[in-house]
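Notes follow the structure.
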Amino acid sequence: MLRLFDTATGEVAPLDLRTPGRVSLYVCGPTVYDAPHLGHGRFALVFDVLRRYLLFGGLDVTYVSNITDIDDKIIERAAEQGVGESELAARYEDAWWEAVDALEVLRPDETPHATGYVIRMVDLVADLVARGVAYETTDGVYLSVGDVPGYGLLARQPLESLRAGARVETMGEKHSPLDFVLWKKAKPGEPTWDSPWGPGRPGWHTECVVMSLDLLGEGFELHGGGLDLAFPHHENERAQAVAAGRTFATHWMHNGWVTVDGEKMSKSLGNFTSLDDLLGRSDPRAYRLLVLRSHYRSPIEVTPDTVAQAEAGLGRLDELARRFALADPLADGPVVGPVGGGDLDGPALDAFVDRMDDDLDTPGALAAVFDLARRANAAADAGDGVEAARSARSAALLAGGLGLRLRGGGGAEVDPHSADLVRRRDAARAARDWARADGLRSELESAGWLVEDGADGTRIRPR
RNA sequence: GGCGGCGUGGCCGAGUGGUUUAGGCAGGGGCCUGCAAAGCCCCGUACGGCGGUUCGAUUCCGCCCGCCGCCUCCA
């Protein structure tokens, strides 16, 4: 039984299901006004791992993640670049999918776009106004936060405490500084939709509450996103649902930051590395491994050094796949449970599940994978082929459960010149001409290959 | 000011009131190898500081120091 830390209660609790065997997740996706950075990649990976683990456990998972394609930032950026908002959004949405595809993050089952749900957003806002919890001002419609029971749940602070910290200067016509905008009345030149309050566009918090409820229904199991979304974004989504008398998500999950020199990576601080940069200079799987190596709620530091460490660890797992010619467990999509059987290492699987069930302890789960790798090699060295194969197969399957694909054979194309060097080296070794064999190894190494001698002769792979 | 998190061996990063260790990377020694590589075995006696509780604390409590986050757009 999976237990997860719930931001709303501050405790680790079992993930209760509306319907046995089925689980629905809504994860706030990106606002597509710029290229995604490492932080976006982390949230995509964290929730991909959660999703894969639920599938691994045999659950029927519905995963929804939106694209925010209308927003202040998009309007601003489009104006700067002299392009239309929809054109800009489409460009960065493409960049988004390209990056997460490279990370082997599974595509959501549904990807609602905010612009496709405006009519329903207007309906919600009108309902909130009719219920007397929202009010109109000269620039928009606002939710009266003081009228929502339990406001402050996700901030983990009571309303009064939040009010004390709020910035009063941005209050305008709002009744309380914490009241937030549901509908923004149009300013000249902005894209607009019709509403009872005149042309305008929805507020960000209204977008996600409408899309999640529409696609997943009331009482869906889990709503997630980066920790910075807990307050005010998720708080405000929840407030609208509560104010409208609807049951919202029953569990809240937030991932920690990617940090740079200990500070949160963000667009506003300007200390970000784009996903493209990282993926261009390292194995995309290394970032997944890096994310898995620490707990999802902890901050992670991504540096050339930690990336290199992850790549080295990956090399070890790939070597395992190569040695045992393991089949790719992700060849036909994600690993779907129930998983088990006599040809797998039961205790190791149990250890893996035990770690994952405990609030997604991926570092612990990974330890189980590496442990299997070591045991597979040790058993093979000792001549126990059966045990070795079982451990190796189990390691690959569990790695696959985490979305980590191991690369064994196949690999890089060997150019004719290098292939010739390999042939000549085998001949030299057969003739016990070590000086010549060593010279040929040097040549191969300077051509970028890693050279290994096995029972079947010289083997090379890219360094 | 309010609320919250963190500080673990060379690096990354889990975890736990004590008798046996996370795991990975790097390093040292050994086995294997023509030499390597890969793999396996062994090794380093770590838990910010000061007190307290306890037979015993890295793990619980208090204080202190340092770092970070949220309270405003943000994954």
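Each chain gets a letter, A, B and so on, in the order the sequences are listed, and its residues count up from 1. Given the structure is predicted, the values throughout are model-derived calculations rather than measurements.
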Whether the side chain of A/Arg441 and the base of B/A36 hold a donor-acceptor pair under 3.5 Å is what I'd like checked.
yes

Passing candidate, side-chain contact (heavy atoms from CB on, under 4.5 Å) with A/Lys184, options A/Val141, A/Thr206, A/Asp72:
A/Asp72

Testing B/C12, B/G13, B/C70 for proximity to the side chain of A/Gln157, the answer is B/C70

Counting only side-chain nitrogens and oxygens, does A/Arg459 get under 4.0 Å of the OP1 or OP2 atom of B/A38?
no

Do A/Gln309 and B/C11 share a donor-acceptor pair, side chain to base, under 3.5 Å?
yes

Verify stack between A/Trp434 ring and B/G34 base, 5.5 Å, 30 degrees:
yes

Mate of B/G1 across any strand shown (Watson-Crick or G-U wobble, both atom pairs under 3.5 Å) is B/C71

A/Asp34 and A/Tyr92, any side-chain heavy atoms less than 4.5 Å apart:
yes

Of all the nucleotides listed (B/A22, B/G39, B/A26), which has the minimum atom distance to the side chain of A/Ala312?
B/A26

Nucleotide paired to B/G51 in any strand shown, Watson-Crick or G-U, under 3.5 Å
B/C61

Is there a donor N/O on one and an acceptor N/O on the other, under 3.5 Å, for the side chain of A/Asp305 and the base of B/C25?
no

Within 45° cone of A/Phe324 ring axis and under 6.0 Å: A/Arg393 NZ or CZ
no

Distance below 4.0 Å between A/Asn255 side-chain N/O and B/A75 OP1 or OP2:
no

Short side-chain N/O contact from A/Arg429 to OP1 or OP2 of B/C35, under 4.0 Å
no

Using only heavy-atom distances, decide whether a donor-acceptor pair under 3.5 angstrom links the side-chain of A/Asp228 to the base of B/G69.
no

Students often mix this up, so state it plainly: with edges at 30° and 60°, are the rings of A/Tyr26 and A/His223 parallel, tilted or perpendicular?
tilted

A/Phe180, A/Tyr142, A/Phe231 screened by ring-ring contact (aromatic ring centres under 6.0 Å, His included) with A/His205, the one that passes:
A/Phe180

Tell me the partner of B/A46, counting only Watson-Crick (N1-N3 plus N6-O4 or O6-N4) or G-U wobble (N1-O2 and O6-N3) with both under 3.5 Å; none if nothing fits.
none

Rounded to whole angstrom units, what separation is found between the CG atom of A/Leu154 and the C1' atom of B/G4?
14 Å

